[in-house]
K.L.:
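Would you mind keeping the following structure in view while I ask a few things?
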Amino acid sequence: MRRGRAKVTREVTNFTQAPYRQKKNPFQPMSIFSVDEIESIHEASLKVLCDIGMDIQSPRAVEILKRGGASVDSDGRRVRFEPGFIMEKIATTPSEFTLHGRNKERHVHVGGQSIINTMVSSAPNVSDLDRGRILGNFEDYTNLIKLGEMLNTVHAFGGYPVEPCDLDVSVRHLKAVSAAARLTTKPLFGYAIGSERMLDVIEIVRISRGINKETLLKEPSITTVVNANSPLVYDKALLEGAIEMAEHNQPVIYTPFTLAGAMAPITVAGALVQQNAEALAGLAFHQCVKPGAPAMYGSFTSNVDMKSGSPAFGTPEYTQATIASGQLARKYKIPLRASNANASNAPDEQSVYESQMSLWACLLGQVNFILHGHGWIEGGLCASYEKVILDAEMNQMMEAFLQPTIVNKDTLGVEAIAEVGPANHFFAAQQTLDRYETEHYNPMLSDWRNFESWRDAGSETATQRANKIWKQLLEEYEEPKLKPEVEERLSAFVDKRVAEGGAAPL
């Protein structure tokens, strides 16, 4: 007798997410270019560094490079790098290291097959469906930190999720990073805007972790990004901050901002040559400051809309460049950073399909550190609450995709097929009954009901559902309190530095 079709219902009102875990990429990375083509990009990059060089705007950094063996022009700014110098210096960059959070459950591995996902960083504006787009502020900054702590797909922070523009710039770093230190247990960040700010942030992170200076030197606990001012310039303030990071054995992500056709050659290959040259110069500089200090190769090559000049992200060119960057970073045995980027002005379909292109590039290219992993829209000019949740779903799906699929006697299902036989269904098969709660991916955002059920429940779009989810997460958030003695030391340090006026504007 044919079995009747089982009636399956699914509760969709409650938010659920997969357990926290750091994902690993078990698959072989994709290659966009042949070995010979990668070698030609490498050689062209070395030629750029040797024949053209980089403008290094920090006299302190120029002196460090000069002592290390680089050649400095008579203007005291243009630095040229022999190929042997570059390769010798970057060889001491660790291929893997651990980035430490406030507690050991939040430490993450950097390099190899490991993937770290972050929140959006450095957006000057913030948006949600209720208020629209507004200027970044401290309240929204703290809310986005809380969401990052609550979401298991977030492993670290790579910058301010939104700029708290209502805080005075002289003390913004003190108040913002100390707030993050209180609100999250995950690895923290700081902006390399001069030595003074960088040292303040390093001290905040050290205090919040409850460790001494010797332990900090052994345990990388904070990241920063140093962007090249493409083409071929490194800014004084960023290099001054990078020096402090290297001296404290903390990782700097050296990231050229190479937009093909604007700040780099219009071709993907040419933009990669410039990106590679700028990244190698930064990485070599880092090792001149302190051999063996951790660092990452930053990839951020995309293109511009040649009709308007606006940056474009999540494009086929961005995807190709990211995968190729993986080939280059693996050649040098240095961990790789890229981004979950898109150019959409709203958390809409465009933001999702462009982010999917970016995320697949990160997976196929074996990226280790995904910056802007949750919440980026408008080419990085806005942090969207709804996009945070849309990205969390996409990232959680990617994590599930990366989990190994088991093939054994039970999973092959021969007994289940024999039990059911022809022209029947598997809903009541023993294998299904044993596994139905755990076998398949369980979404946090997607609605899998049929049309009638979805319509009768209000016809909500994914973006509308995301609006409810981020609000629910903020309601459920509980601050992971610092130990009283740590809180006292942190408050004392921040209060003292604020009373001293913080850091002077640069």
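Basis for what follows: all heavy atoms, side chains included, without hydrogens, waters or symmetry-related copies. Fair warning: this is a prediction, and the values are worked out from it, not measured in the lab.
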K.L.:
So how far is it from Tyr191 OH to Ser121 OG, rounded to the nearest 0.5 Å?
P.N.:
5.5 Å

K.L.:
Determine whether the aromatic ring centres of residues Phe81 and Phe285 are separated by less than 6.0 angstrom.
P.N.:
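Between Phe81 and Phe285, which both carry aromatic rings, the centre distance is not below 6.0 Å.
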
K.L.:
Looking at Asp200 and Arg497, is any side-chain nitrogen of the basic one under 4.0 Å from a carboxylate oxygen of the acidic one?
P.N.:
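Salt bridge: yes.
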
K.L.:
Examine distances only and state if a side-chain atom of His100 and a backbone atom of Pro220 form a donor-acceptor pair shorter than 3.5 Å.
P.N.:
yes

K.L.:
So which heavy atom on Glu240 is nearest to which on Ser58, and how close?
P.N.:
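Taking every non-hydrogen atom into account, OE2-OG, 2.7 Å.
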
K.L.:
So Phe313 and Phe257, would you call those rings parallel, tilted or perpendicular, with 30° and 60° as cut-offs?
P.N.:
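It falls in the parallel class, under 30°.
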
K.L.:
If you take all heavy atoms of Ala284 and Ile86, which pair is closest and at what distance?
P.N.:
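So the minimum-distance heavy-atom pair works out to CB-CD1, 3.9 Å.
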
K.L.:
Counting neighbours of CD on Glu105 that are heavy atoms of other residues, nucleotides or ligands and sit closer than 6.0 Å, is the number greater than 12?
P.N.:
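Enclosed: over 12 neighbouring heavy atoms sit under 6.0 Å from CD of Glu105.
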
K.L.:
Looking at Arg206 and Glu203, is any side-chain nitrogen of the basic one under 4.0 Å from a carboxylate oxygen of the acidic one?
P.N.:
yes

K.L.:
So, the side chain of Thr224 versus the backbone of Gly190: is there a donor-acceptor pair under 3.5 Å, distance only?
P.N.:
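Flag set: sc Thr224 to bb Gly190 pair under 3.5 Å.
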
K.L.:
If you look at every heavy atom in Ser221 and Arg209, which pair is closest and at what distance?
P.N.:
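Heavy-atom minimum between the residues: OG-NH1, 2.8 Å.
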
K.L.:
Are Glu244 and Arg60 ion-paired here, with the side-chain N under 4.0 Å from a carboxylate O?
P.N.:
yes

K.L.:
Do Met306 and Ile266 come within less than 4.5 Å of each other through their side chains, counting heavy atoms only?
P.N.:
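Yes, close enough: below the 4.5 Å cut-off.
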
K.L.:
For Thr118, does its backbone N or O pair with a side-chain atom of His374 as donor and acceptor, under 3.5 Å?
P.N.:
yes

K.L.:
With a cut-off of 6.0 Å (strictly less than), are more than 12 heavy atoms of other residues, nucleotides or ligands near CD of Gln403?
P.N.:
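Yes, because the 6.0 Å sphere around CD of Gln403 holds more than 12 heavy atoms from other groups.
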
K.L.:
Are Arg106 and Tyr20 in a cation-pi contact, defined as NZ or CZ under 6.0 Å from the six-membered ring centre and within 45° of the axis?
P.N.:
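Output yes; distance and angle both within limits.
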
K.L.:
Return yes if some donor-acceptor pair links the side-chain N/O of Gln113 with the main-chain N/O of Asn25 below 3.5 Å, else return no.
P.N.:
yes

K.L.:
What's the shortest heavy-atom distance between Val486 and Gly210, and which atoms?
P.N.:
CG2-CA, 4.4 Å

K.L.:
At their closest point, which heavy atom of Met54 faces which heavy atom of Val233, and how far apart are they?
P.N.:
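Nearest pair, atom of Met54 first, then Val233: CE-N, 3.8 Å.
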
K.L.:
Parallel, tilted or perpendicular for Tyr332 and Tyr297, by the 30°/60° rule?
P.N.:
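Ring orientation, 0 to 90° scale: parallel.
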
K.L.:
Would you check, one step at a time, whether the test salt bridge (charged side-chain N to carboxylate O under 4.0 Å, His left out) holds for Asp55 with Arg77?
P.N.:
CA-CA 5 Å; Asp55 275 3; Arg77 175 176 291 188; 5.1 Å; no

K.L.:
Is a salt bridge present between Arg80 and Asp73, judged by a nitrogen-to-oxygen distance below 4.0 Å?
P.N.:
yes

K.L.:
Looking only at non-hydrogen atoms, find the nearest pair between Asn249 and Ala293 and report the distance.
P.N.:
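Where Asn249 meets Ala293 most closely, the heavy atoms are OD1-CA, 3.4 Å.
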
K.L.:
Just by distance, do the side chain of Asn276 and the backbone of Leu272 share a donor-acceptor pair under 3.5 Å?
P.N.:
no

K.L.:
Please determine if Asp305 and Lys307 form a salt bridge, counting it only when a charged side-chain N lies under 4.0 Å from a carboxylate O.
P.N.:
yes

K.L.:
Is it true that atom NZ of Lys66 has more than 12 heavy atoms of other residues, nucleotides or ligands lying nearer than 6.0 Å?
P.N.:
no

